[in-house]
Number of protein chains: 2
Amino acid sequence: MAQMNNVTPLFKDMAKLEHDHRVACQECSLYRLCLPLGLHNKDLAQLDKIIKRSQSHKRGEALFTTEHAFKSLYVVRSGSFKTTISATNGREQVTGFYFPGEFIGLDALYQESYQSNAQALETSSVCELPFDSLQELGKDMPQLQVQLLSRLSKELSGDKSLMLLLGKKTADEKLATFLLSFSKRFSDRGFSATEFHLTMSRGDIANHLGLAVETVSRVFSRFQEEGLITILGKGIVLRDIAKIKGLCG
Amino acid sequence: MAQMNNVTPLFKDMAKLEHDHRVACQECSLYRLCLPLGLHNKDLAQLDKIIKRSQSHKRGEALFTTEHAFKSLYVVRSGSFKTTISATNGREQVTGFYFPGEFIGLDALYQESYQSNAQALETSSVCELPFDSLQELGKDMPQLQVQLLSRLSKELSGDKSLMLLLGKKTADEKLATFLLSFSKRFSDRGFSATEFHLTMSRGDIANHLGLAVETVSRVFSRFQEEGLITILGKGIVLRDIAKIKGLCG
DNA sequence: CGCGCGTTTGACATGACTCAAATGCTGTGG
DNA sequence: CCACAGCATTTGAGTCATGTCAAACGCGCG
């Protein structure tokens, strides 16, 4: 059980993407994954104008909470975030993890108030899309609306899969599914599909998957014994993707 | 433990709403709950033109499955539906129940293919909205797009709450939450908030909440012993809403 | 009227949780 | 730069809520 966490060349991560606040959509490396996909140059320039590229958020810092007034949607630019909702009695559920190019705050549109809290998992930055401007722009840009709908729909689809996971899967299946989902999202962004950092705590993972921390820890350890993965602190190496796939249920 | 199911004046239900296929949006009793909300008369008339009002679907009949080509969104007109997704190994998760005025198929927009199966729980009818026409219409009708976004967002928001339920709640809390959610949706539609029919089987309820059938049955029985509810087959009477609220967690 | 499925109830099994404690890692301040 | 404090993670032991298996019951459909 080695130690290590940040300065390992093995694990590249998304915190390094583009902290440069001036990069316009046209030159952004996330273009293929992001909202502007499919917009014409002229439209893209317009969209670019309404985007606020905020300063970066430190680990643990809130992007917004249910207390804040709804004003904007956000797209992750670098780093990663988690969103949570809370029950009346204080229990919390981690509803999602968000990587570069992914939207945060879509569940706020209805009722125009944030329904969840969003928090940075590491030093991260976002593109802020003031919703009023976005609506205004959408009136003359049907393609933008289509993109927005598509984003919402994608998240919806993912949430349904998570329901299946939460409702029907065993601890092993949950964690196998979780690992593969991350693998795919990393590789979609040009990172390794087999070696990556988990920027969230075991507690966050457990919470998100409807498990206890101890269970996550135990299953990870067992996966390692069985040669499926190697654990290096927050770093994970997938050693046998095929077998992991077989465990997903 | 009495018996009864359909012909009881006590329980009014949504199967009786408007089976009349000619009722236009303007005169539809669901207006306040449905898509057209906020559209001007002229726009409404246009929307009305693209809507196909299909024949009714019998209990158990599929509205669509993941095998069907994506073509349309649907709004429940009368009756009720359930949606399901399946894991590779055959396990199924009931992802939602849908009542008059609610959208089905929103998770299909992304990828333009149905991601779930929709099935009638009783004799039911829908308004079919061909997606192409809807997109076409949306180009000149920003308000329609806003409505659509809002619908997606609402479903997203509900799904996040369900994650909290599936991940963090006990069997008692799950069922209390379930009952109150139905109570609200019934009363929103002008039906009694305290007396209603559950059109789905115990199995569907259990599946949706991530429980075993036997657990649902047991908890319902206990709730009845404790004077919280009265069970009459598929009929439910909420006897102490305050106390049920207290159980939601 | 009778068959079959959906529902209820009981007895038992177990996966995952809780509690507890050791160990390791991280970030801070001296 | 190092040492310490505090939190995160791991590991173990025991419990419990909920699932599984089994059987009786009754309603609903043909």
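The basis for the numbers below is simple: all heavy atoms, side chains too, and nothing from hydrogens, waters or symmetry mates. In the text below, chain A, chain B and the rest are named by the order of the sequence lines, each starting its count at 1.
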Rounded off to whole Å, could you give me the [atom1]-to-[atom2] distance for the [X] and [N] pair?
X: B/I229; N: C/dT8; atom1: CD1; atom2: C1'; answer: 14 Å
X: A/E214; N: C/dT23; atom1: CD; atom2: C1'; answer: 15 Å
X: A/M200; N: D/dC7; atom1: CE; atom2: P; answer: 21 Å
X: A/R222; N: D/dG12; atom1: CZ; atom2: P; answer: 13 Å
X: B/L121; N: C/dG6; atom1: CG; atom2: P; answer: 13 Å
X: A/D172; N: C/dT14; atom1: CG; atom2: P; answer: 16 Å
X: A/D204; N: D/dC7; atom1: CG; atom2: C1'; answer: 13 Å
X: B/Q224; N: C/dT8; atom1: CD; atom2: P; answer: 9 Å

- Task: Check whether any side-chain N or O of B/K174 sits under 4.0 Å from OP1 or OP2 of D/dT18, and answer yes or no.
- Result: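 Answer no for this pair, as no side-chain N or O of B/K174 is under 4.0 Å from OP1 or OP2.
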
- Compare side-chain N and O positions of A/K234 against OP1 and OP2 of C/dC25 and report whether any pair is under 4.0 Å apart.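 Negative; the distance criterion is not met.
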
Measure from the side-chain heavy atoms of [X] and tell me the nearest of [options].
X: A/I231; options: C/dG6, D/dT10, C/dC17; result: D/dT10
X: A/R218; options: D/dT11, D/dT20, C/dT7; result: D/dT11
X: B/V213; options: D/dT9, D/dT18, C/dT8; result: C/dT8
X: A/S217; options: D/dT9, D/dG12, C/dC17; result: D/dT9
X: B/T215; options: D/dG19, D/dT9, C/dT7; result: D/dG19
X: A/R202; options: D/dT10, D/dT18, D/dA8; result: D/dT10

- Decide, yes or no, whether a salt bridge links A/K160 with B/E155 under the criterion of side-chain N to carboxylate O below 4.0 Å.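 A salt bridge links A/K160 with B/E155.
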
- Look at A/E102 together with A/R77 and state whether they make a salt bridge at an N to O cut-off of under 4.0 Å.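 The answer is no: the pair does not qualify as a salt bridge.
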
- Query: Can you tell me if CZ on A/R222 sees more than 12 non-hydrogen neighbours from other groups inside 6.0 Å?
  - Reply: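 Atom CZ in A/R222 is crowded, with more than 12 foreign heavy atoms closer than 6.0 Å.
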
- Map B/R59 and B/A212 onto DNA chain D by nearest heavy atom, then report which one ends up closer to the 5' terminus.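 Its nearest nucleotide lies further toward 5', so the answer is B/A212.
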
- With ring centroids as reference points, do A/F64 and A/F70 lie under 6.0 angstrom apart?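 No - the distance between ring centres of A/F64 and A/F70 does not fall below the 6.0 Å cut-off.
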
- Task: Compute whether any side-chain donor of one residue and acceptor of the other, for B/T95 and B/S116, lie under 3.5 angstrom apart.
- Result: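 No - no donor-acceptor pair under 3.5 Å links their side chains.
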
